[in-house]
Amino acid sequence: GCIAGAAQETEENKEPQSGATSVKLSQEVMNPTTLAWQLQLEEYAIFKTEGQDGFAQNFRFRGIIPLKEGFLIKVPQLIRVITFLNTAPDGKTGLGDLTLNQFFLLTKKDWGEFGAGWNIQIPTRTDDQLGSPQWSIGPAFTVTFTDLGKWQMYWIWENFFSISGNGKYGSSAYAVLQPNVFYTWPNGIYAGIEPEWQIDYKTGKVAIPMDFRVGYIWSGKLKYNAYIEPEVMAFRSDGYPRNSANFGVRLGFRWYLPM
């Protein structure tokens with residue numbers, strides 16, 4: 001029985017041929033600390049918005065640049081470039097804000113990995129409904145747990161503190177905490193959660209959405225990840241201003257090119 005179990009585990013986790021998939025491949029693709037070139041596209045269709053009528057949407061473009069060794073800090077790192085094309089419930093469409101993120105992968109152990117870095121949010125929005133009018137910057141941290149069999153768990157904690165327009169708009173200080181918990185099958189299908197929870201450091205108000213993602217990962221000339229992810233706002237403090245979506249559905253597609 002032990003020999004058969006070991007043989008099955010080896011079969012499930014071995015590197016797949018073109019067009020195939022495996023638990024190992026799926027977990028590498030989903031791991032936010034994997035060193036790989038990535039292009040990620042995601043459409044978030046928002047059907048219900050707090051206090052507003054009409055359909056809204058956020059289309060996210062995220063490119064990820066891996067570095068095996070940084071120029072100044074000699075550790076592996078990931079640079080993320082994130083931008084949005086948004087539509088407000090009243091139909092106004094334009095650019096959202098641009099976010100740059102850099103993670104330094106500081107510790108790699110049998111249980112997983114720890115990284116730290118920084119974010120900067122640049123107010124590139126074309127309308128105040130579509131983004132923030134202020135520059136923000138702050139530290140970011142990530143910890144991954146990968147020695148869990150077919151389960152994986154990641155935590156990402158990002159902070160944003162406004163550094164411009166505080167006299168005009170008031171200072172802003174908030175965090176985004178993202179728990180990621182996924183189960184993977186050998187056939188490339190996976191399921192789990194990846195919500196973005198927010199807390200305002202000044203007021204203590206929060207927005208706690210919950211989602212459920214089902215996706216499929218496969219390998220060809222590149223590695224691919226497609227998914228669907230409904231999301232509902234489980235709890236939002238009265239007057240919390242940053243996430244007004246009550247219900248929506250995300251559709252995503254990602255390309256991966258390992259280093």
Less than 4.0 angstrom from a charged side-chain N to a carboxylate O is my criterion; do Asp200 and Arg242 meet it? yes
Gln52 and Ser244: which non-hydrogen atoms are nearest, and at how many Å? NE2-OG, 4.5 Å
Within-4.5 Å side-chain heavy-atom neighbours: Asn180 and Met30: no
Might you point out which heavy atoms bring Gly138 and Phe161 nearest each other, and give the distance in Å? CA-CD1, 4.2 Å
Give a yes or no on whether the ring-centroid distance for Phe59 and Tyr44 is below 6.0 angstrom. no
Should Ile122 and Trp135 be marked as a side chain to side chain contact (heavy atoms under 4.5 Å, CB included) after you check the CA-CA gap, both sets of side-chain angles, and the distance that decides it? CA-CA 5 Å; Ile122 303 170; Trp135 289 67; 3.7 Å; yes
Nearest 0.5 Å please: distance from the NZ atom of Lys202 over to the OG atom of Ser172. 7.5 Å
Side-chain heavy atoms of Arg60 within contact of Ile82, under 4.5 Å: yes
Is there a donor-acceptor contact under 3.5 Å linking the side chains of Gln198 and Tyr240? yes
Determine, step by step, whether Glu113 and Thr144 satisfy the side-chain hydrogen bond (donor to acceptor under 3.5 Å, both in side chains) criterion, reporting the C-alpha distance in whole Å, the side-chain angles of both residues, the deciding distance to 0.1 Å, and the verdict. CA-CA 5 Å; Glu113 201 158 6; Thr144 70; 4.9 Å; no
Ignoring hydrogens and angles, tell me if any N or O in the side chain of Asp97 forms a donor-acceptor pair with the backbone of Ser132 under 3.5 Å. yes
For the residue pair Phe47 and Val249, establish whether any side-chain heavy-atom pair is separated by less than 4.5 Å. yes
Establish, from distance only, whether the side-chain atoms of Arg254 and Asn225 form a donor-acceptor pair under 3.5 Å. no
Is it the case that Glu42 and Tyr227 place a side-chain donor and acceptor less than 3.5 Å from each other? yes
Just checking, is any N or O donor in the side chain of Glu196 or Asn243 under 3.5 Å from an acceptor N or O on the other one? no
Would you kindly say whether Asn86 and Arg125 are connected by a side-chain donor-acceptor distance under 3.5 Å? no
For residues Leu35 and Leu67, report the shortest heavy-atom separation together with the two atoms involved. CD2-O, 4.0 Å
